[in-house]
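Down below is the structure, laid out as structure tokens.
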Amino acid sequence: MKIAAEFVTSVVDASAIPGRQIPEVALIGRSNVGKSSLINALVRQRLARTSAAPGKTRLINLYRVTVGNGSPRLLVDLPGYGYARGGTAAAAEFQALTESYFGRASAHGQVGALLLVDARHPGLASDRAAWQWLQAVVDHTAVVATKIDKLPQGRRIRAVRELESVFEDAVLPVSSVTGEGLDELWKLIDRLPNSPKPHRPSPPRATPPKK
Ligand SMILES: Nc1nc2c(ncn2[C@@H]2O[C@H](COP(=O)(O)OP(=O)(O)OP(=O)(O)O)[C@@H](O)[C@H]2O)c(=O)[nH]1
Ligand SMILES: [Mg+2]
């Protein structure tokens, strides 16, 4: 399957995102969880900058992707949360940026968000808080477990089940290194922004996770 991908822009504020209405899928997760690596693995190019040190992505980066004859999507690489260096100024910057992105997302409509969590660390408080917050601000959400290659085969199913019980939703295991789960992830990216709006009775807390 042919995959076309290009970098569109980097912005500090979501109001600067070009206006054309292309369905978007945003990746959100702790620093170093593998958001930028996953974008590169999906598009089979080194488009997004990655680093072994957390805190690499500092802006909202947009990539336009098309698979085969499908309709285009914007993949949105956001900075990670849970990265302490930079103190409260960085935390405020992260919060403003995330709020501006998801504030615009709710007006835009066709936006899905993937929460990326490390397959080896189920149920971290910061991830659970991010999931609650994300479900309150975006209509279409899903959980993806990264770095599944780091777990031995025999522990993978158990790890995914544990995550599914924490997030009370299906969890898709992927690896940017081995390519595992990427075909399923493309399908999710294709359907997520247009999937039926779920019914959620109680609105949880309304601030993004602290950095
Ligand atoms: N083994 C393995 N390592 C991975 C995988 N995905 C990412 N990594 C490694 O994890 C580190 C962080 O990856 P990034 O993609 O930069 O993480 P990020 O979530 O974009 O981080 P920030 O931009 O700091 O928020 C890098 O050293 C990657 O090589 C994976 O699927 N398997
Ligand atoms: Mg990154």
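Numbering of ligands and ligand atoms starts at 1, following listing order.
Among residues at least two apart or in separate chains, salt bridge (charged side-chain N to carboxylate O under 4.0 Å, His left out) pairs with a member in residues 180-193 are Arg73-Asp190, Arg156-Glu180.
A donor-acceptor pair is defined here as one N or O able to donate and one able to accept, closer than 3.5 Å; such a pair exists between the side chain of Trp131 and the backbone of Phe167. With Arg128 contributing its side chain and Gly123 its backbone, the two residues share a donor-acceptor pair below 3.5 Å. Formation of a donor-acceptor pair under 3.5 Å by the Lys35 side chain with backbone atoms of Arg30 is found in this model.
Val171 has its side chain out of reach of Val144: every pair of non-hydrogen atoms, C-beta onward, lies at least 4.5 Å apart.
Close approach of ligand 1 to Ser37 is summarised as follows: ligand atoms under 4.0 Å from at least one heavy atom of the residue are 6 (N), 7 (C), 13 (O), 14 (P), 15 (O), 28 (C). The Ser175 neighbourhood of ligand 1 comprises atoms 31 (O), with distances under 4.0 Å to a heavy atom of that residue. Atoms of ligand 1 found under 4.0 Å from any heavy atom of Ser176 (numbered from 1 in listed order, with element): 6 (N), 30 (C), 31 (O). Ligand-side atoms of ligand 1 in range of Ser36: 15 (O), 20 (O), range being under 4.0 angstrom from any heavy atom.
Between Arg49 and ligand 1, a contact under 3.5 Å exists for no N or O pair. Taking distance alone, with nitrogen or oxygen atoms compared against 3.5 Å, Gly34 approaches ligand 1 more closely than that limit. Between Asp77 and ligand 1, no pair of N/O atoms sits closer than 3.5 Å. Among the atoms of Gly80, some N or O lies under 3.5 angstrom from an N or O of ligand 1. For the pair Thr146 and ligand 1, the shortest N or O to N or O distance does not fall below 3.5 Å. Inclusion of Lys35 in the set of residues having an N or O under 3.5 Å from an N or O of ligand 1 is warranted.
Metal site remark for the Mg ion (ligand 2): Ser37 contributes no N, O or S atom at a distance under 2.8 Å.
Side-chain contact, Tyr101 with Glu24: a donor N or O sits under 3.5 Å from an acceptor N or O. With 3.5 Å as the limit, one finds no donor-acceptor pair spanning the side chains of Thr146 and Asp118. Side-chain atoms of Ser36 and Asp77 form a donor-acceptor pair, as typed in the model, at a separation below 3.5 Å.
The closest approach between any non-hydrogen atom of Gly29 and ligand 1 is not below 4.0 Å.
Contact annotation for Asp149 and ligand 1: only side-chain heavy atoms (C-beta onward) come within less than 4.0 Å of the ligand.
Atom CG of Leu188 and atom CG of Leu182 lie 12.0 Å apart (nearest 0.5 Å).
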